[in-house]
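Below is one structure; the comments refer to it alone.
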Amino acid sequence: MFKQLFIASAFLMLGACVSTQAIAPKTRIIDAPPLNLAATAELGETVVEKGRIRTFDGLILSNQLQWGDGFLMKKFTVSPGRLRARQQDAKFIYFYSDDMTSYDALLGTHPYVGGGLCRSVDGTGPIRGFIAAGVCNMNWNAVPDVAETQIQDIDMPGFRQELIYNGRIGDSLKFLYREFSGDLMRPPFSQEVQYDLKDSTTIGFRGVRIEIIEATNTQLRYRVLSSFPDPQL
């Protein structure tokens with residue numbers, strides 16, 4: 001009897017998994033500020049920024065969740081952290097945990113990589129748990145304390161360039177150029193640059209052209225005439 005129930009459950013899970021599909025990342029282009037409009041930046045703030053970021057919908061879980069007792073049923077534990085939406089079906093979105101474990105009295109505690117939190121596609125109803133995508137039916141020992149977030153794609157990290165105002169000394173303006181891959185700065189591509197306003201009130205760097213309207217050691221008023229080249233998709 002138990003063997004028949006197990007086989008039936010396995011087929012149900014397999015069928016559910018087949019009906020799910022992978023969630024593709026969203027691509028967002030950063031391009032600020034708008035061209036040919038007066039803008040203001042404080043000392044240390046970004047003057048020009050451009051980039052491409054690929055993100056997934058995600059949840060930030062603030063409390064630990066458990067299901068099962070570890071004796072009659074396996075005990076699953078999801079620790080606080082960020083869970084990325086990886087799959088969905090017609091009804092539910094499945095947010096996978098990178099810090100989930102399973103425990104039973106015979107085998108002890110082991111990492112579990114196939115489960116997490118799930119919720120309806122339209123965002124209504126309770127947030128439940130799953131141990132196989134396609135079956136969103138686990139009720140945790142506590143109400144999940146979650147907040148929505150965006151999680152960057154680590155397999156294809158985004159690229160971002162920025163030029164930062166570093167102040168004025170006499171007639172010289174200083175800037176800091178930085179590049180980012182995903183959330184990480186690329187130190188070899190950071191560079192300090194300096195311009196003399198006696199030469200021109202229009203400065204340029206890597207395709208960027210900026211008209212300086214007013215500059216002090218604490219604030220810059222400017223107009224971007226052209227930005228960095230568009231990032232490759």
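In this text, all values refer to a predicted model and were calculated from it rather than measured experimentally.
- Under the 4.5 Å side-chain heavy-atom criterion for Ile, Leu, Val, Met, Phe, Trp and Tyr, Leu83 and Val143 are members of distinct hydrophobic clusters.
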Kindly indicate, with the supporting measurements, whether the criterion side chain to side chain contact (heavy atoms under 4.5 Å, CB included) is fulfilled by Ile23 and Gln88.
CA-CA 7 Å; Ile23 296 177; Gln88 73 175 67; 3.8 Å; yes
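- By the rule that hydrophobic residues join a cluster once side-chain heavy atoms approach within less than 4.5 Å of another member, Leu173 and Leu225 end up as members of separate clusters.
- Under the 4.5 Å side-chain contact rule for hydrophobic residues, Ile60 and Trp140 do not share a cluster.
- Applying the salt bridge (charged side-chain N to carboxylate O under 4.0 Å, His left out) test to every pair with at least one member in residues 119-147, sequence neighbours left out, gives these pairs: Arg119-Glu148.
- Cation-pi contact between Arg160 and Phe180: present, with separation from the ring centre below 6.0 Å and deviation from the ring axis of at most 45°.
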Given Gln66 and Lys75, is the side chain to side chain contact (heavy atoms under 4.5 Å, CB included) satisfied, shown in steps?
CA-CA 7 Å; Gln66 290 185 334; Lys75 180 170 70 175; 4.2 Å; yes
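- Residues Ile131 and Val113 are members of separate hydrophobic clusters, defined by side-chain heavy-atom contacts under 4.5 angstrom among Ile, Leu, Val, Met, Phe, Trp and Tyr.
- Note that the OH atom of Tyr103 and the NZ atom of Lys74 stand 12.0 Å from one another [nearest 0.5 Å].
- In this structure the side chain of Leu220 never reaches within 4.5 angstrom of the side chain of Thr40, judged on heavy atoms.
- Residues Ala142 and Leu65 come closest through the heavy atom pair O-CD2, 3.6 Å.
- Side-chain atoms of Tyr112 and Val78, non-hydrogen and from C-beta on, never get closer than 4.5 Å to each other.
- Partner Tyr165 forms a side chain to side chain contact (heavy atoms under 4.5 Å, CB included) with one of Thr218, Val48, Val47 and no other, that one being Val47.
- Closest heavy-atom contact between Met100 and Gly116: SD-N, 3.6 Å.
- The environment of CG in Leu37 is crowded: more than 12 heavy-atom neighbours from other residues, nucleotides or ligands sit within 6.0 Å.
- Annotation: cation-pi geometry not satisfied between Lys50 and Phe228 (NZ/CZ under 6.0 angstrom from ring centroid, within 45° of ring axis).
- At least one donor-acceptor pair closer than 3.5 Å links the side chain of Asp69 to the backbone N or O of Leu72.
- Minimum heavy-atom separation, Leu59 to Thr149: N-CG2, 4.0 Å.
- Relative ring orientation between Trp67 and Phe76 is described as tilted, the plane-to-plane angle lying within the 30° to 60° band.
- In this structure, Thr46 contributes its side chain and Glu49 its backbone to no donor-acceptor pair below 3.5 Å.
- Checking Leu117, Asp57, Val121 one by one against Ile93, the side chain to side chain contact (heavy atoms under 4.5 Å, CB included) holds for a single residue, Val121.
- Here Leu163 contributes atom CG and Ser227 contributes atom OG; the two are 9.5 Å apart, rounded to the nearest 0.5 Å.
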Using the rule given for side chain to side chain contact (heavy atoms under 4.5 Å, CB included), can you reason through Ile53 versus Ile30, listing the C-alpha separation, both sets of side-chain angles and the distance that settles it, and then say yes or no?
CA-CA 8 Å; Ile53 297 178; Ile30 299 172; 3.2 Å; yes
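- Other members of the hydrophobic cluster containing Leu176, listed by chain and number, are Ile164; membership follows side-chain contacts under 4.5 Å among ILVMFWY residues, whether direct or relayed.
- To the nearest 0.5 Å, atom CD1 of residue Ile203 and atom CD1 of residue Ile210 are 4.5 Å apart.
- Salt bridge present: Glu179 and Arg206 bring a charged side-chain N and a carboxylate O closer than 4.0 Å.
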Passes side chain to side chain contact (heavy atoms under 4.5 Å, CB included), Val193 versus Phe205? Steps please.
CA-CA 9 Å; Val193 291; Phe205 183 81; 3.5 Å; yes
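- Rounded to the nearest 0.5 Å, atoms OH (Tyr177) and OG (Ser190) are 8.5 Å apart.
- When atom types are taken as modelled, the side chain of Arg168 and the backbone of Ala215 share a donor-acceptor pair closer than 3.5 angstrom.
- Annotation: the span from Asn36 atom CG to Glu211 atom CD amounts to 9.0 Å, rounded to 0.5 Å.
- Scanning all heavy atoms of the two residues, the minimum distance from Asp89 to Lys91 falls at OD1-N, 2.9 Å.
- The two atoms that bring Cys136 and Tyr94 nearest to each other are CB-CE2, 4.0 Å, heavy atoms only.
- Remark: Arg84 fails to qualify as a cation-pi partner of Tyr96 under the 6.0 Å distance and 45° angle criteria applied to the six-membered ring.
- If you chain together hydrophobic residues whose side chains sit under 4.5 Å apart, Tyr222 and Tyr195 fall into the same group.
- Remark: Asp98 CG to Ile151 CD1 distance equals 8.0 Å, nearest 0.5 Å.
- The shortest non-hydrogen separation linking Ala38 to Arg221 is CB-NH2, 4.2 Å.
- Proximity of Leu61 to Phe95: side-chain heavy atoms (C-beta onward) are nowhere separated by under 4.5 Å.
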